[in-house]
There are 2 protein chains.
Amino acid sequence: MKVSAKGDYACRALLDLALNYDSQTPVHITEIAERQGIPRKYLVQILILLKGAGLVKSKRGVEGGYMLSRPPVEITLGEVVRLVDGPILPLKCTMDDESATCDRKPICGFHPIWESVRDSISDIIDNLTYEDICKRTREKEQMYYI
Amino acid sequence: MKVSAKGDYACRALLDLALNYDSQTPVHITEIAERQGIPRKYLVQILILLKGAGLVKSKRGVEGGYMLSRPPVEITLGEVVRLVDGPILPLKCTMDDESATCDRKPICGFHPIWESVRDSISDIIDNLTYEDICKRTREKEQMYYI
DNA sequence: AGAATCATGACCAAGTTGGTCAACATAGTG
DNA sequence: CACTATGTTGACCAACTTGGTCATGATTCT
């Protein structure tokens, strides 16, 4: 698996929005950027990508900003990572893409190994929703401030 | 985790040598390259890297070539992948490197998540030796030829 | 109208990837 | 010794990716 800086930024930006989900008011980019330590101009691109995928929606104008378009419980970490950074474990051998299957597949001893690696990653990130992550974050914040 | 083409080549080249380990004779580059479908000139660099790490040893001259410097049971897949492609899950957040720890670590909800992903990958590849992989490969070859 | 904000596309420097090529060193053979 | 097959090394390179910046629009609210 690879999680690029961009992927990390996307995950954190979504967490920021998820923590704000209940208020039903948009958060604007500058706030997210400052709170999460993400370059503002770069964050713009990332949010546009997330919007294109239907994860967030935006509101223009003075009181504008971004908000989650689905409740946090319906967004998994795996969805976000795959959207931004592409397939988990991008090795020709393991791509399900019919065009790129490697011809050694039937005799390649590594094939089932890479698949099991990929599956064990998926198990974790596909079963983790932003609700879980919010909960963890709030717990951590509490511990930190007491 | 990321497994580049180079990493894949290294894994396969070592498998080729591991399958030949019992004969105690060196295999030369061209053979490995042809059997595994690796560009010959590129394979040279990879083998030099593996030699530098003490995984293989070489013999020059007419009957020269490469051979494993340790029995297959003492080489894990994790060792190879980390050597060629660097740390599993290279995200600042998860680097144990003391210089690069992210300052949000104590409150970052993602930190433990990435760590558990990394650990579950390590569990698989660090407990898999080239002896296991040889065995799997031989079984597959049998099935294929019958 | 004007201010605040999102939207879009062009651009860019630096690093990584996946190689190739030429020249040299060494070991075995006749 | 000379020759040849092989390993060794280092320079080089094109293409792509990463992680951004910048200028300019387009909306929306007041």
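A, B, ... follow the sequence lines: proteins, then strands. Residue 1 opens every chain.
Spacing between atom OH of A:Tyr42 and atom C1' of C:dA13 amounts to 14 Å, rounded to whole angstrom units. If you measure from atom CZ of B:Arg40 to atom P of C:dA22, you get 14 Å, rounded to the nearest angstrom. Regarding B:Asp8, its CG atom lies at a distance of 14 Å from the P atom of C:dT17, rounded to whole Å. If you measure from atom CE of A:Met67 to atom P of C:dC6, you get 13 Å, rounded to the nearest angstrom.
A search for salt bridge (Lys or Arg N to Asp or Glu O under 4.0 Å) contacts involving A:Glu74 returns nothing, not counting sequence neighbours. Shown here are the salt bridge (Lys or Arg N to Asp or Glu O under 4.0 Å) partners of A:Arg136, two or more places apart in sequence or in another chain: there are none. The side chain to side chain contact (heavy atoms under 4.5 Å, CB included) search around A:Ile124 returns B:Ser116, B:Val117, B:Ser120, not counting sequence neighbours. Remark: A:Asp16 pairs with A:Val27, A:Ile32, A:Arg35, A:Gln36 by the side chain to side chain contact (heavy atoms under 4.5 Å, CB included) rule, at least two apart or across chains. For the salt bridge (Lys or Arg N to Asp or Glu O under 4.0 Å) test, no residue two or more places apart in sequence or in another chain qualifies with B:Asp119. Looking at residues two or more places apart in sequence or on another chain, you find no salt bridge (Lys or Arg N to Asp or Glu O under 4.0 Å) involving A:Asp123. By the side chain to side chain contact (heavy atoms under 4.5 Å, CB included) test, B:Lys135 pairs with B:Glu139, sequence neighbours left out. Residues meeting the side chain to side chain contact (heavy atoms under 4.5 Å, CB included) test with A:Val44, sequence neighbours left out: A:Ile29, A:Arg40, A:Ile48.
Contacts with DNA chain C (heavy atom under 4.0 Å) in residues 48-62 of chain A: A:Ile48, A:Lys51, A:Ser58, A:Lys59, A:Arg60, A:Gly61, A:Val62, listed by number. For DNA chain C, the neighbouring residues in residues 15-28 of chain A, judged by any heavy atom under 4.0 Å, are A:His28.
Side-chain atoms of B:Gln45 and base atoms of C:dT20 include a donor and an acceptor less than 3.5 Å apart.
Contact between the side-chain N/O atoms of B:Lys2 and the OP1/OP2 oxygens of C:dT16 is not found at any separation under 4.0 Å.
Toward the 5' end of DNA chain D, the nearer of the two residues A:Glu63 and B:Glu63, judged by each one's closest nucleotide, is B:Glu63. Taking the nucleotide of DNA chain C with the nearest heavy atom to each of B:Lys41 and B:Asp85, the more 5' of the two is matched to B:Asp85.
We find the CG-CG distance between B:Leu55 and B:Leu14 to be 6.0 Å, quoted to the nearest 0.5 Å.
Pairs passing the salt bridge (charged side-chain N to carboxylate O under 4.0 Å, His left out) check and including a residue from residues 49-71 of chain B, sequence neighbours excluded, read B:Arg70-B:Glu79.
A:Ile46 and A:Met67 are assigned to two separate hydrophobic clusters, defined by single-linkage of ILVMFWY side chains at heavy-atom distances under 4.5 Å.
Across all strands, B:Ile29 comes closer than 4.0 Å only to sugar-phosphate atoms, never to a base (heavy-atom distances).
Scanning DNA chain D 5' to 3' for nucleotides with an atom closer than 4.0 angstrom to a non-hydrogen atom of chain B gives a first and last hit of D:dT6 to D:dT9.
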